[in-house]
Student: 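The structure that follows is given in the form of C-alpha cells.
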Amino acid sequence: MSFTGLVSIALGAILIENFILVKFLGICPFLGVSKKMDTAAGMGLAVTFVMALASVFTWLVNHYLLVPLNLQYMQTLAYILVIASLVQFVEMFLQKSVPGLYRALGIYLPLITTNCAVLGVAVLNTTKGYNLLESLVYGISGGIGFLVAILLFSSIRERLEFSDHPKAFEGFPITLVSAGLLAMAFMGFSGLKIW
Amino acid sequence: MSKSRFPGQLKNGIITENPSLVLLLGMCPTMAVSTSLKNGLGMGFAATAVLICSNFVVSLVRKVIPSKIRIASFVVIIAGFVSMVQMLLEAFIPVLSEALGVFLPLIVVNCIILGRAEAFASKNPPLSSAGDGLSMGLGFTCSLCAMSIVRELLGNGTIWDFRLIPPVYEPAMIIIMPAGGFLTLGCLIALVQHLRRKSAAGKEARGK
C-alpha cells in the first residue's frame with residue numbers, strides 16, 4: 001500500500017468525512033461530554049485509543065476467525081463482543097499501570113462500549129475492504145477527527161453558556177443548532193482533494 | 001393487566017417520553033437516516049422490531065441472569081436480533097438495507113434499545129415489556145418521520161418521492177446535508193420544549 005493512499009485515508013477521515021459532523025457517528029458522547037474543554041479532551045483521547053485498538057482487533061477477528069469459518073453473518077455480534085471486552089481490558093490495564101491516565105479518563109472509559117463511532121469504524125473497515133495497516137490508519141484518524149470536533153465544539157459551548165438566546169432554544173436545541181453551524185464549516189472541506 | 005395499561009404506555013412512548021425528542025436518546029440514527037421519508041420509516045420499523053423482540057426476551061430471562069453480567073447479556077441478545085433484522089432486510093428489501101448502510105448494524109448501540117432493556121424490561125413481565133418496546137419504537141418512528149418529512153420537503157421538494165413543491169422553488173440542499181440534520185433536530189426539539197412549557201403553564205393557570 002502506497003504512502004499517499006494512507007495519507008488520503010487519514011485526511012479523509014479527519015476532515016472530509018469527519019465521523020461526528022459528516023457521518024453522524026458518536027453523537028451521544030459528542031453532545032454529552034462537551035460542556036468543558038478538559039473532559040472533552042479526555043473523552044476524545046480515550047475514544048481515539050479504543051478506536052485504533054478496535055480496528056486492529058476486529059480486523060484480526062474478521063480475517064482469521066469469521067472469514068475462514070464462513071461466519072460473516074455473525075459479524076455484528078462478534079464485533080460488539082470484541083469491543084466490549086477490549087474496553088474492559090483497557091480499563092484494567094490502565095488502572096494497574098497508568099493510574100494517572102485512568103483517573104483522568106474516569107467514567108468515560110466504560111461508556112465507550114456503546115459509542116457508535118467505535119462499532120462504526122469496525123463495520124466500515126470491513127465493508128470498505130481495508131487491510132490491517134489501512135484499518136489501523138482509518139481507526140486512528142477517525143479518532144483524531146472525533147477529538148478535533150469535540151475540542152472545537154467544547155470551546156464553542158463554554159462561550160455559549162453566557163450568551164442570550166430564545167427561551168424555547170435553551171439547553172439542547174441551541175447546542176444542536178451550533179453543532180449544525182460547525183458542521184456547515186466542515187462542509188467547506190468537502191472539495192478537498194489529495195493527489 | 002398489561003392490556004389495560006397499554007394505551008397509557010402508547011401515549012407515554014409517543015408523546016410524554018418520546019425517546020428521541022424528549023429523552024434525547026438515539027440521536028445518531030435520528031439525524032443520519034432522516035434524509036427521506038422512506039429511509040426514516042424503514043429505520044423506525046427496523047428499530048421497533050428489534051426493540052419489541054429484545055424487550056420480550058430480556059424480560060423472560062430477567063430472573064436467570066446475575067445482575068453483574070446483565071448489561072453484557074442484554075447486548076448479546078440485542079445483537080442477535082439486529083443480525084436477524086439485517087439479514088431479513090438484505091434478503092427482502094435490499095434497496096433499504098443499502099440506503100441505511102452502516103446504521104443497520106449500529107442499531108446494536110442505539111441507546112434507546114439498551115436503555116429500555118435496562119430501565120423497563122429487566123423489571124417487568126414479558127407482555128408489558130413487549131408493549132413498552134412497541135410504544136417506544138413507535139415514538140422513535142414518529143419522530144424520525146417528522147424529521148424526514150421536514151428535511152425531504154425543504155431539501156428536495158418531495159415527500160415519498162412525490163413532488164409537492166413546483167420546480168420553481170429551488171430546494172435548499174443544505175437541509176439534507178449533514179449540517180441540516182443538526183439544524184432541523186435543534187428546531188424540532190425547541191418546538192417540543194416550547195409546547196411543553198406552554199401546556200405546563202396552562203395546567204398551572206387552570207389549577208389556580
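Letters A, B, ... are given to chains in the order of the sequence lines, protein chains preceding strands, and every chain is numbered from 1. Model, not experiment: these values are computed from the prediction.
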Student: Between B:Phe103 and A:Lys23, which heavy-atom pair has the shortest distance, and what is it?
Tutor: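 So the minimum-distance heavy-atom pair works out to CZ-O, 3.4 Å.
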Student: How close do B:Gly80 and A:Leu77 get, heavy atom to heavy atom, and via which atoms?
Tutor: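 For B:Gly80 and A:Leu77, the tightest heavy-atom pair comes out as N-CD1, 3.9 Å.
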Student: List the steps and the verdict of side-chain contact (heavy atoms from CB on, under 4.5 Å) for A:Ile27 and B:Phe182.
Tutor: CA-CA 10 Å; A:Ile27 302 286; B:Phe182 285 106; 3.9 Å; yes
Student: Check the pair A:Thr127, B:Val102 against side-chain contact (heavy atoms from CB on, under 4.5 Å), reporting the backbone distance first and the verdict last.
Tutor: CA-CA 9 Å; A:Thr127 44; B:Val102 69; over 6 Å; no
Student: How long is the straight-line distance from CG of A:Leu176 back to CG of B:Leu183, given to the nearest 0.5 Å?
Tutor: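 Going from CG on B:Leu183 over to CG on A:Leu176, the span is 9.0 Å.
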Student: Can you tell which part of A:Ala84 gets under 4.5 Å to a heavy atom of chain B, answering side chain, backbone, both or neither?
Tutor: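 No part of A:Ala84 comes within 4.5 Å of chain B.
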Student: Output the option from B:Arg197, B:Met177, B:Glu90, B:Met87 having the highest count of non-hydrogen pairs under 4.5 Å with chain A.
Tutor: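 Highest number of pairs under 4.5 Å: B:Arg197.
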Student: Provide the closest heavy-atom pair for B:Val108 versus A:Thr76 in the form atom of the first, atom of the second, distance.
Tutor: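 Heavy-atom minimum between the residues: CG2-CG2, 3.3 Å.
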Student: Heavy atoms, side chains only, cut-off 4.5 Å: are A:Pro173 and B:Cys187 in contact?
Tutor: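 No, their side chains stay 4.5 Å or more apart.
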Student: Just verifying a value: how many Å separate A:Asn115 CG and B:Cys111 SG, rounded to the nearest 0.5 Å?
Tutor: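 Taking CG in A:Asn115 and SG in B:Cys111, the distance rounds to 9.5 Å.
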Student: Inspect the surroundings of NZ in B:Lys123 and state if more than 12 heavy atoms from other residues, nucleotides or ligands are less than 6.0 Å away.
Tutor: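 For B:Lys123, atom NZ is crowded (more than 12 foreign heavy atoms under 6.0 Å).
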Student: Contact part of B:Ile174 toward chain A, heavy-atom cut-off under 4.5 Å: side chain, backbone, both or neither?
Tutor: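 Contact with chain A involves the side chain of B:Ile174 alone.
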Student: More than 12 foreign heavy atoms under 6.0 Å from CZ of A:Phe57: is that the case here?
Tutor: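 12 or below, so no.
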Student: With a cut-off of 6.0 Å (strictly less than), are more than 12 heavy atoms of other residues, nucleotides or ligands near CD of B:Glu98?
Tutor: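 No, CD of B:Glu98 has 12 or fewer neighbouring heavy atoms, counting only those of other groups under 6.0 Å.
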Student: Side-chain contact, heavy-atom cut-off 4.5 Å: A:Tyr73 with B:Met84?
Tutor: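 No, side chains not in contact.
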Student: Give, as side chain, backbone, both or neither, the part of B:Leu114 having an atom under 4.5 angstrom from any heavy atom of chain A.
Tutor: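 Only the side chain of B:Leu114 comes within 4.5 Å of chain A.
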Student: Looking only at heavy atoms, which two atoms of A:Met184 and B:Ala179 are closest? And how far apart?
Tutor: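 In terms of heavy atoms, the two residues are closest at N-CB, 3.7 Å.
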Student: Report the option among A:Gly120, A:Ala168, A:Cys28, A:Gly26 that has the most heavy-atom pairs separated by less than 4.5 Å from atoms of chain B.
Tutor: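 Between A:Gly120, A:Ala168, A:Cys28, A:Gly26, the count favours A:Ala168.
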Student: Is it the case that over 12 heavy atoms from other parts of the model lie below 6.0 angstrom from the CZ atom of A:Arg159?
Tutor: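 Counting neighbours around CZ of A:Arg159, 12 or fewer heavy atoms of other residues, nucleotides or ligands fall under 6.0 Å, so no.
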Student: Do A:Leu25 and B:Leu106 come within less than 4.5 Å of each other through their side chains, counting heavy atoms only?
Tutor: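 Side-chain contact under 4.5 Å: yes.
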Student: Can you tell which part of B:Gln86 gets under 4.5 Å to a heavy atom of chain A, answering side chain, backbone, both or neither?
Tutor: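 Just its side chain gets close to chain A.
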Student: Please determine, among A:Pro166, A:Ala185, A:Cys116, the option with the most heavy-atom pairs under 4.5 Å with chain B.
Tutor: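 Among A:Pro166, A:Ala185, A:Cys116, the one with the most close pairs to chain B is A:Cys116.
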Student: If we define contacts as heavy-atom pairs under 4.5 Å, which of A:Gly171, A:Ala183, A:Gly180, A:Ser178 has the most with chain B?
Tutor: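 If we count pairs closer than 4.5 Å to chain B, A:Gly180 comes out on top.
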Student: Please look at B:Met31 and chain A and tell me whether the side chain, the backbone, both or neither of the residue comes under 4.5 angstrom of a heavy atom of that chain.
Tutor: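 For B:Met31, heavy atoms of backbone and side chain both lie under 4.5 Å from chain A.
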Student: At a heavy-atom distance under 4.5 Å, which candidate from B:Leu191, B:Leu185, B:Ile71 has the highest pair count against chain A?
Tutor: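 Looking at each option in turn, the highest pair count goes to B:Leu185.
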Student: Tell me the closest heavy-atom pair linking A:Phe24 and B:Pro178, and the distance in Å.
Tutor: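 Minimum heavy-atom contact is CZ-O, 3.2 Å.
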Student: What is the distance from atom CD of B:Gln193 to atom CZ of A:Phe169, rounded to the nearest 0.5 Å?
Tutor: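 The CZ atom of A:Phe169 is 9.5 Å from CD of B:Gln193, to the nearest 0.5 Å.
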Student: Below 4.5 Å from any heavy atom of chain A, which atoms of B:Leu24 appear? Answer side chain, backbone, both or neither.
Tutor: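 The side chain, not the backbone.
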Student: Taking side chain as everything from C-beta outward and backbone as N, CA, C, O, which of these in A:Ser85 sits under 4.5 Å from a heavy atom of chain B? Side chain, backbone, both or neither.
Tutor: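 It is neither, since no heavy atom gets under 4.5 Å.
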Student: Taking all non-hydrogen atoms of both residues, which atom of B:Pro105 and which atom of A:Val123 are closest, and how far apart?
Tutor: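 That would be CG-CG1, 4.0 Å.
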Student: Are more than 12 heavy atoms, taken from residues, nucleotides or ligands other than A:Lys128, located less than 6.0 Å from that residue's NZ atom?
Tutor: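 Check passes, neighbour count above 12.
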Student: Where does A:Leu21 contact chain B at under 4.5 Å (heavy atoms): side chain, backbone, both or neither?
Tutor: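 Both parts, backbone and side chain.
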